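Each chain gets a letter, A, B and so on, in the order the sequences are listed, and its residues count up from 1. Remember, it's a predicted structure, so these values are computed and weren't measured experimentally.
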Amino acid sequence: GAVVSQHPSRVICKSGTSVKIECRSLDFQATTMFWYRQFPKQSLMLMATSNEGSKATYEQGVEKDKFLINHASLTLSTLTVTSAHPEDSSFYICSALQGRGHRYYGYTFGSGTRLTVV
Amino acid sequence: AQKITQTQPGMFVQEKEAVTLDCTYDTSDPSYGLFWYKQPSSGEMIFLIYQGSYDQQNATEGRYSLNFQKARKSANLVISASQLGDSAMYFCAMREGQESSASKIIFGSGTRLSIRP
C-alpha cells in the first residue's frame, strides 16, 4: 500500500531557530500534500494545501511566512517552521493525495512530527 | 462551509461489546466523502472506513461498519466485538467534492474510546 515517510518523528529546538519537516511518498506520486497541526487532545487542523510545482494555499489564520511549504517534486514536500517559538510546539502531520484521487486510499498520512520549542 | 461534529468526547466500553461512535456533518455539496480514522497514542492516523455520498450501501471493513443516514447527515462508526487494542482516539472526517477532486479533508473533534477488560 501507499506509504508516506515523515521525518523527523520528534524534534526539540531552541526558540528562534527554524525546523524543517519532510514528507516523502515512497511508492506513489503525491500531486497534492496537506499539512495539519494538532495540539494535545485536540483535532487535526488543516494548515495548508500544496500542489507540486505551485505555491501552497494556506488556511485562514495560518502565517505563510512562518510556515514555509515547499512541494518541489511529486514525492517530497517540506514544512519549515521559521523562527520557532514555544507556542509553535505541536504535532505536525502530513497527508498525501495520490494522483488525482483514489477511492478509499486517496489520503495517506505520515507518522507525524512532534515539535517542542524550548 | 463544511462542518463535522462529534458529540462524544470520551466513551468507555466493556471488551467484546459493540460500540457506536457518533458523527454528524453539514455540507451543501451533493458530492462528498466521509472517513473514519483511528489515532493511537503514537499519533499515526490509521484509515478505517470510507463512505461516498452516492454509495447505496453502508460501508463495512471487517469489524468496522459505517451507519450512513444521508437524510440525517450522520455517519456513525460501529465497532463490533471491541478489543483492548481499539482504545484510541477516533476521528470522523469529510471531503467535499467528487472522489477525483484533490479536495482537503476536515476532521471532527474526535472521540476517545477506552475499552475495559
Any side-chain heavy atom of A/Y36 within less than 4.5 Å of one from B/I105?
yes
With respect to chain A, which residue among B/G110, B/P9, B/A93, B/G108 yields the maximal number of heavy-atom pairs within a distance under 4.5 Å?
B/G108
Are the side chains of B/T5 and B/Y25 in touch, meaning some heavy atoms are under 4.5 Å apart?
no
Distance only, no hydrogens: is a donor on one side chain within 3.5 Å (strictly under) of an acceptor on the other, for A/Q38 and B/Q39?
yes
Can you say whether A/L44 sits under 4.5 Å from chain B via the side chain, the backbone, both, or neither, judging by heavy atoms?
both
Is it the side chain or the backbone of B/F107 that comes within 4.5 Å of chain A heavy atoms, both, or neither?
both
Within a 6.0 Å radius of atom CD on B/Q14, are there more than 12 heavy atoms belonging to other residues, nucleotides or ligands?
yes
